[in-house]
A.B. asks: 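Below: one structure in structure tokens.
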Amino acid sequence: MNEQEFKNRYVKARRELIKLSFSHLNNMQREAVMTTEGPLLLLAGAGSGKTTVLINRIANLLRFGRASDSTDIPETAGEEDLHILEAAAADPDFNEMAKARRLCALEPCEPWRIIAITFTNKAAGELKDRLENMLGPEARDIWALTFHSACLRILRRHSEKLGYGSSFTVYDTADSQSVMKAILKEMELDEKMFPHRSILGYISRAKDEMQTPQEFLAQAKATGDIRRQRIGECYLAYSNRLKDNDAMDFDDLIYNTVRLLEEHKDIREYYQDRFRYVLIDEYQDTNNLQYRLATALAGGRGNICVVGDDDQSIYKFRGATIENILSFESRYKNARVIRLEQNYRSTGNILGAANALIQNNQARKGKELWTEKERGEKLLLYVAQNENDEAQYVSTRLLEGFAAGINWRENAVLYRMNAQSNKLEYAFKRNGIPYRIVGGMRFFDRAEIKDILAYLCVINIPHDDLRLERIINTPPRGIGGKTIETAKLIAQEKGTSLYNIVKNAREYPQLSRSFAKLMDFANMLDELREASETVGADELFDLLIEKSGYIRALEAKLSDENRAKIENVRELKTNIISYIKDSGDSSLSGFLDDVALYTDLDSLNADTDCVVMMTMHSAKGLEFDNVFIVGVEEGIFPSARCMGEAEEMEEERRLCYVGMTRARKTLTLCCARQRMVFGTTSSNKPSRFVDEIPSEYIERNESARNDDFLSGSYSRPYPVFNTKTEGRSFGTEGASPQKKRGISPPAPSSAAAKGDFKTGDSVNHKAFGSGVITKMTPMGNDCLVEIEFKNGAKRFMLRAAAPQLTKE
DNA sequence: CGCACCACAATTTTT
DNA sequence: TTGTGGTGCG
């Protein structure tokens with residue numbers, strides 16, 4: 001046997017054996033797992049087992065290194081080794097399997113040399129969990145992080161190179177907005193002409209193109225664009241303000257990391273050497289900066305694997321550029337492309353419809369999902385009379401499903417705009433359907449949570465002027481706007497922080513009127529900061545609540561709203577405790593860093609059995625047995641905004657594709673002949689997307705109903721009830737401030753529309769089974785009915801529930 | 001300084 | 001229709 005033949009047989013046997021380790025994957029998945037070297041584009045269709053591939057690929061790297069993708073063999077390899085490999089590859093029960101596997105390894109990768117970057121904390125967390133489950137504790141050394149947390153980690157080590165302190169703060173969107181508002185005020189720019197949000201949009205785009213304020217201004221001057229010049233001045237002022245406060249916004253985290261890597265050879269080489277393998281998830285959602293970051297990190301060995309689906313690119317408005325995925329092959333020479341097209345989620349009909357729809361797009365790589373599953377049920381288009389009919393239809397279907405043994409949580413209702421959730425909410429409440437809304441107001445966006453976090457920030461870093469200003473008079477302690485204004489001015493003159501002025505208020509005659517209050521405040525902060533050096537973040541939290549009197553102030557006026565706020569603040573402590581438990585770090589700064597990038601805790605305690613409602617954007621990455629997409633009408637979906645814009649229209653179509661491919665078993669589309677949008681009624685045609693689905697996949701069902709039940713009183717607001725229903729809350733029940741609604745006074749007439757039910761009646765509900773009516777409260781020309789079922793009490797509006805109810 | 005009232009606008013969202 | 005932000009009064 002000559003050397004070449006030996007080598008070929010060795011490599012072949014080794015590859016075969018590694019294959020056996022991944023025999024549970026399909027061919028394409030396995031190919032992706034075993035392609036370890038060089039640039040790799042993984043086009044992973046919806047439901048194609050993308051995360052499984054990612055995890056197995058990492059497992060392969062740790063166990064076998066580059067062996068599956070290399071023709072190199074160890075110098076020490078001898079004929080005996082070859083025999084072991086060949087024997088093992090031929091016989092899964094080979095008795096020296098462990099030894100054979102060890103022979104397969106070629107430079108196995110240390111876990112800390114792998115970085116896997118995702119977009120959301122949820123995705124990063126999921127990745128971490130699944131890696132640890134598969135690989136054990138060594139998986140903890142893998143950098144499985146979001147773009148932002150990875151950058152934060154890098155920047156904390158090198159921030160001084162960029163002129164920041166090592167304990168710089170991170171501003172969230174709201175912080176950025178308040179800074180921009182202040183700047184606009186100072187520059188006396190009209191909010192009408194220069195809305196702060198759109199200015200921030202320009203800044204974000206400039207950063208994405210790595211344009212400095214100076215360059216932005218120069219360019220604006222060159223073109224003579226006055227408006228752009230003003231914006232450039234805002235950009236400059238904004239950058240300076242953040243710099244002065246030693247703060248970075250979300251974009252800066254990435255922008256500065258890219259600068260750090262591009263401008264500092266030593267640092268770049270350190271990371272390029274460290275990270276042998278770079279993986280980027282959801283590549284279709286990356287923007288230019290993120291592309292440059294990935295390129296910089298992978299620049300050493302060129303082992304970059306990006307995973308994405310061009311057909312699911314729905315975040316253009318947020319700066320994502322589909323170009324990144326479309327031009328991967330031309331940007332990275334020798335790139336290999338692997339398509340994962342086998343779908344493990346949906347039935348044949350759902351996939352057929354989705355494939356047909358997405359084929360109408362031009363800008364795509366081309367990919368067709370297929371499945372081994374049965375065709376399943378056809379999709380259904382329900383044409384409702386109006387949005388109430390639509391909501392009632394979905395409710396009825398959900399009740400039918402529940403009666404047939406389907407858990408609520410297996411259903412999702414998806415829509416284009418959050419505003420559409422309202423009518424559905426009312427219908428669900430009337431019908432006693434428990435639901436949960438994803439999105440909307442988030443836990444960390446709530447005023448009370450931001451307040452407490454602001455306290456913690458200031459305790460951590462006293463010169464955090466922005467946060468200090470937020471809490472200086474929250475709860476009210478008699479420090480008014482005038483005082484704050486004066487103190488800020490002095491601080492500016494002296495070139496010091498607001499905190500220093502407040503602390504030494506006695507020295508400034510301008511502040512004489514309120515210096516005692518200011519100093520009390522500063523003393524409180526000092527005491528807390530002192531405490532923070534000895535106690536953990538959880539204990540500090542208790543001290544903070546005590547000393548600041550925050551909860552006491554809320555308790556003074558115990559409205560429903562304040563009750564909910566108090567509960568939320570207490571909930572925050574749960575967060576602190578779970579952070580400490582998960583990370584083993586009880587330091588305040590650690591918690592704050594984590595929280596700065598962590599806004600989405602909703603998903604964490606999503607364990608109650610509820611129907612899930614959300615936008616199609618939020619639904620990306622999720623799956624449900626039964627999916628309802630509502631508002632499938634021209635002008636709503638696709639939205640009126642993108643009419644005539646071919647590119648935008650394609651993005652809407654991708655959004656539709658994303659929505660449809662969430663469904664495992666059934667998919668129902670709903671549209672209404674008439675709909676109230678923003679207070680005015682309009683009638684829209686069914687969406688063009690419906691027409692793009694061939695009739696072999698979809699059935700149509702016109703609304704047959706046309707009674708007063710639909711057109712009459714239903715659009716009126718109804719009181720909030722149903723004990724099992726969660727509102728727009730962060731998990732634990734009832735933690736959200738209940739919305740105040742105009743509750744119409746009970747009308748004298750108790751015109752219980754259908755049938756003649758009365759208190760004490762035994763009834764049977766189609767979905768909830770038998771029960772007894774315990775209470776009936778007339779309301780308007782309807783009636784609130786409370787029924788005691790075996791599994792607890794429920795409340796309904798009689799008109800909605802009547803079709804489901806029979807007397808026993 | 002807090003609250004009530006009016007004008008106004010209004011996809012999609014993560015960090 | 002709903003929520004928000006700004007202004008003006010008590």
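Computation of the quantities below employed the complete heavy-atom set of this structure, encompassing side-chain atoms and omitting hydrogens, waters and symmetry-equivalent molecules. Chain A is the first sequence line, chain B the second, and so forth, proteins listed ahead of strands; every chain is numbered from 1. As the structure is a computational prediction, the values presented were derived from the model and not from experiment.
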A.B. asks: Is there a donor in the side chain of A:Gln392 and an acceptor in the side chain of A:Glu390, or the other way round, less than 3.5 Å apart?
C.D. replies: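 A:Glu390 and A:Gln392 do not have a side-chain donor-acceptor pair below 3.5 Å.
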A.B. asks: Can you measure A:Asp445 atom CG to C:dG3 atom P for me and round it to whole angstrom units?
C.D. replies: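 In whole Å, C:dG3 P and A:Asp445 CG are 16 Å from each other.
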A.B. asks: Taking O4'-C1'-N9-C4 for purines and O4'-C1'-N1-C2 for pyrimidines, is B:dT12 syn (within 90° of 0) or anti?
C.D. replies: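 This nucleotide is in anti.
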A.B. asks: Find the distance A:Asp249:CG to B:dT14:P and express it as a whole number of Å.
C.D. replies: 17 Å
A.B. asks: How would you summarise protein contacts on nucleotides 7-13 of chain B per nucleotide, using B for base, S for sugar-phosphate only and - for none, with heavy-atom distances below 4.0 Å?
C.D. replies: ---BBBB
A.B. asks: Measure OH/A:Tyr171 against P/B:dT14 and give the value in whole Å, please.
C.D. replies: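 In whole Å, B:dT14 P lies 23 Å from A:Tyr171 OH.
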A.B. asks: With sequence neighbours left out, what residues match A:Thr295 under side-chain hydrogen bond (donor to acceptor under 3.5 Å, both in side chains)?
C.D. replies: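 Once residues adjacent in sequence are excluded, the partners of A:Thr295 under the side-chain hydrogen bond (donor to acceptor under 3.5 Å, both in side chains) criterion are A:Tyr332.
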A.B. asks: Looking at A:Arg513, I want to see if its CZ is surrounded by more than 12 non-hydrogen atoms of other residues, nucleotides or ligands under 6.0 Å.
C.D. replies: no
A.B. asks: Who are the ring pair (Phe, Tyr, Trp, His ring centres under 6.0 Å) partners of A:Phe637, not counting sequence neighbours?
C.D. replies: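 Testing A:Phe637 for ring pair (Phe, Tyr, Trp, His ring centres under 6.0 Å), a comparison that skips the adjacent residues, returns A:Phe689.
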A.B. asks: In whole angstrom, give me the gap between the P atoms of C:dT4 and B:dT13.
C.D. replies: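 About 15 Å, rounded to a whole number of Å.
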A.B. asks: Is A:Asn121 close enough to B:dT15 that one of its side-chain N or O atoms is under 4.0 Å from OP1 or OP2 there?
C.D. replies: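 It does, given that an N or O in the side chain of A:Asn121 lies less than 4.0 Å from OP1 or OP2 of B:dT15.
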A.B. asks: For the pair A:Glu651 and A:Lys316, evaluate salt bridge (charged side-chain N to carboxylate O under 4.0 Å, His left out) and give the outcome as yes or no after the intermediate values.
C.D. replies: CA-CA 8 Å; A:Glu651 179 135 326; A:Lys316 188 183 169 194; over 6 Å; no
A.B. asks: Looking just at side-chain N and O atoms, do A:Tyr657 and A:Asn361 make a donor-acceptor pair shorter than 3.5 Å?
C.D. replies: no
A.B. asks: I'd like to know if A:Ser149 reaches the base of B:dT15 with its side chain such that a donor and an acceptor end up less than 3.5 angstrom apart.
C.D. replies: no
A.B. asks: Between C:dT2 atom C1' and A:Glu425 atom CD, what is the distance in whole Å?
C.D. replies: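 Nearest whole value for this atom pair: 12 Å.
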A.B. asks: Rounding to the closest angstrom, what is the interatomic distance between C:dG5 and B:dT12 at atom P?
C.D. replies: 15 Å
A.B. asks: For A:Leu200 and B:dT14, what is the distance between atoms CG and P respectively, to the nearest whole Å?
C.D. replies: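 My rounded result for the distance is 18 Å.
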A.B. asks: Contact class for A:Gly478 (heavy atom, under 4.0 Å): base, sugar-phosphate, or nothing?
C.D. replies: nothing
A.B. asks: Within this structure, what is the CG-to-P distance between A:Leu293 and B:dT15, rounded to whole angstrom?
C.D. replies: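 Atom CG in A:Leu293 sits about 16 Å away from atom P in B:dT15.
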A.B. asks: Between B:dT14 atom P and A:Asp208 atom CG, what is the distance in whole Å?
C.D. replies: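 After rounding, the reported distance stands at 19 Å.
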A.B. asks: Could you tell me whether A:Asn473 contacts a base, only the sugar-phosphate backbone, or nothing, with contacts defined as non-hydrogen atoms closer than 4.0 Å?
C.D. replies: sugar-phosphate
A.B. asks: Please work out if A:Leu145 contacts a base, only the sugar-phosphate, or nothing of the nucleic acid, heavy-atom cut-off 4.0 Å.
C.D. replies: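 No contact at all - A:Leu145 keeps every heavy atom at 4.0 Å or more from the nucleic acid.
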A.B. asks: Between A:Asp451 and A:Lys565 (salt bridge meaning N to carboxylate O under 4.0 Å), is one present in this structure?
C.D. replies: no
A.B. asks: Taking CD from A:Gln177 and C1' from C:dT4, how many angstroms apart are they, rounded to a whole number?
C.D. replies: 12 Å
